[in-house]
Amino acid sequence: QVQLVESGGGSVQAGGSLRLSCAGSGYRYSSYCMAWFRQAPGKEREGVATIHSDGSISYADSVKGRFTISQDNAKNTGYLQMNSVIPEDTAMYYCAARYVRCSLLWYEYNNWGQGTQVTVSS
């Protein structure tokens with residue numbers, strides 16, 4: 001069972017920056033994908049960004065050019081650098097993991113962290 005623990009959320013003004021971290025453990029295979037999702041109240045959980053252990057990356061259109069996903073394989077830790085944030089980025093952010101291939105579809109993941117809240121004020 002993969003364990004994931006997020007940190008780094010908080011409150012920030014529009015235009016500011018935050019960096020989220022996701023510490024992972026318990027991976028059984030070397031080929032895996034770590035992803036970030038977010039869910040605002042009353043809305044469906046949406047994919048934000050994914051990064052594979054081979055280094056390949058993908059982003060949702062809504063965050064391209066503003067967010068950067070990265071990982072430290074030695075530490076099994078993923079990061080989401082959030083720049084130029086806007087109020088619409090306000091949500092609970094979750095990291096998730098799955099083996100083999102990446103996806104921005106939340107229902108394709110079965111390993112989740114507890115979430116960290118991000119609030120952007122205008």
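Remember, it's a predicted structure, so these values are computed and weren't measured experimentally.
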Asks: If I take atom CD from residue Gln114 and atom CE from residue Met92, how far apart are they, to the nearest 0.5 angstrom?
Replies: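 It is 8.5 Å, given to the nearest 0.5 Å.
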Asks: Of all heavy-atom pairs between Ala60 and Gly47, which one has the smallest distance, and what is that distance?
Replies: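 Heavy atoms only, the tightest pair is CB-O, 3.3 Å.
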Asks: Does the side chain to side chain contact (heavy atoms under 4.5 Å, CB included) test come out yes or no for Trp36 and Thr50, once each step is laid out?
Replies: CA-CA 6 Å; Trp36 288 96; Thr50 68; over 6 Å; no
Asks: For Asp89 versus Arg66, what's the shortest heavy-atom pair and its separation?
Replies: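 Nearest pair, atom of Asp89 first, then Arg66: OD2-NH1, 2.7 Å.
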Asks: Can you find a pair of side-chain heavy atoms, one from Thr68 and one from Met82, that are under 4.5 Å apart?
Replies: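 Thr68 does not reach Met82 side chain to side chain.
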Asks: Does any part of the side chain of Tyr59, heavy atoms only, come nearer than 4.5 Å to the side chain of Ile69, both counted from C-beta?
Replies: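 The answer is yes, as the side chains (C-beta and beyond) meet within the 4.5 Å cut-off.
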Asks: Which heavy-atom pair separates Ser30 from Ser53 by the least distance, and what is that distance?
Replies: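 Minimum heavy-atom separation between Ser30 and Ser53: O-OG, 3.0 Å.
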Asks: Could you walk me through whether Gln81 and Ser70 pass the side chain to side chain contact (heavy atoms under 4.5 Å, CB included) check?
Replies: CA-CA 8 Å; Gln81 178 66 43; Ser70 62; over 6 Å; no
Asks: May I ask you to test the Tyr99-Arg28 pair for a side-chain heavy-atom distance under 4.5 Å?
Replies: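 Counting from C-beta outward, Tyr99 and Arg28 do come under 4.5 Å.
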Asks: Stepwise, does the side chain to side chain contact (heavy atoms under 4.5 Å, CB included) test hold for Glu6 with Trp112?
Replies: CA-CA 10 Å; Glu6 303 98 333; Trp112 292 88; over 6 Å; no
Asks: Restricting to non-hydrogen atoms, name the atom on Cys33 and the atom on Ser103 that form the minimum distance, rounded to 0.1 Å.
Replies: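 That closest heavy-atom pairing would be SG-N, 4.5 Å.
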Asks: Please say yes or no: joined through hydrophobic side-chain contacts below 4.5 Å, possibly via intermediate residues, are Met34 and Ile57 part of one cluster?
Replies: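 Same cluster: Met34 reaches Ile57 through Ile, Leu, Val, Met, Phe, Trp or Tyr contacts under 4.5 Å.
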Asks: As a test of understanding, state which of Asn83, Leu18, Leu20, Leu80 forms a side-chain contact (heavy atoms from CB on, under 4.5 Å) with Phe67.
Replies: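 Between Phe67 and the candidates, side-chain contact (heavy atoms from CB on, under 4.5 Å) is satisfied uniquely by Leu80.
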Asks: Nearest 0.5 Å, please: how far is CD in Gln71 from SG in Cys22?
Replies: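 These two atoms lie 10.5 Å from each other.
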Asks: Testing the basics here: between Pro87 and Ala14, what is the closest heavy-atom pair and its distance to 0.1 Å?
Replies: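 Looking at all heavy atoms of both residues, the shortest contact is CD-CB, 4.1 Å.
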Asks: Answer yes or no: is there a side-chain heavy-atom contact under 4.5 Å between His52 and Ser31?
Replies: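 Yes, at least one pair of side-chain atoms sits under 4.5 Å.
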Asks: For the side chain of Asn111 and the backbone of Ala96, is there at least one donor-acceptor N/O pair under 3.5 Å apart?
Replies: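 Absent.
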Asks: Would you call Glu44 and Trp106 a side-chain contact if the rule is heavy atoms closer than 4.5 Å?
Replies: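 Yes, close enough: below the 4.5 Å cut-off.
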Asks: I'd like to know if Phe37 and Ile51 are part of one continuous hydrophobic network [Ile/Leu/Val/Met/Phe/Trp/Tyr, side-chain heavy atoms within less than 4.5 Å].
Replies: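 Looking at the clustering, Phe37 is in a separate group from Ile51.
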Asks: Among side-chain atoms of Ser11 and Thr119, is any donor-acceptor pair under 3.5 angstrom?
Replies: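 Not at all, the side chains of Ser11 and Thr119 share no donor-acceptor pair under 3.5 Å.
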Asks: Indicate the atoms forming the closest heavy-atom contact of Leu4 with Gly24, along with that distance.
Replies: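 In terms of heavy atoms, the two residues are closest at CD2-CA, 3.8 Å.
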Asks: Give a yes/no verdict on a cation-pi contact between Arg38 and Tyr94, requiring under 6.0 Å between NZ or CZ and the six-membered ring centre and an angle within 45° of the axis.
Replies: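 The answer is no, since Arg38 fails at least one limit relative to Tyr94.
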Asks: Quick check against the 3.5 Å criterion: does Thr116 have a side-chain atom that pairs as donor or acceptor with the backbone of Gly9?
Replies: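 Yes.
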Asks: Determine, using the 4.5 Å side-chain heavy-atom cutoff (strictly less than), whether Tyr109 and Val2 are members of one ILVMFWY cluster.
Replies: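 In one cluster with Tyr109: Val2, no.
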Asks: Would you check if the side chain of Ser56 reaches a backbone N or O of Asp54 as a donor-acceptor pair within less than 3.5 Å?
Replies: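 No, because the side chain of Ser56 does not come within donor-acceptor range (under 3.5 Å) of the backbone of Asp54.
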Asks: Assess whether side chain to side chain contact (heavy atoms under 4.5 Å, CB included) is satisfied between Glu108 and Arg101, documenting all intermediate values.
Replies: CA-CA 10 Å; Glu108 295 193 352; Arg101 66 177 184 86; 3.3 Å; yes
Asks: Find out if a path of hydrophobic residues (ILVMFWY) with successive side-chain heavy-atom gaps under 4.5 Å connects Tyr27 to Val100.
Replies: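 Yes, one cluster joins them.
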Asks: Are Arg98 and Tyr32 in a cation-pi setup, meaning NZ or CZ lies under 6.0 angstrom from the ring centre and within 45 degrees of the ring axis?
Replies: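 No, a cation-pi geometry is absent between Arg98 and Tyr32.
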Asks: Does Thr90 reach the main-chain N or O of Val120 with its side chain, forming a donor-acceptor pair under 3.5 Å?
Replies: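 Answer holds: yes.
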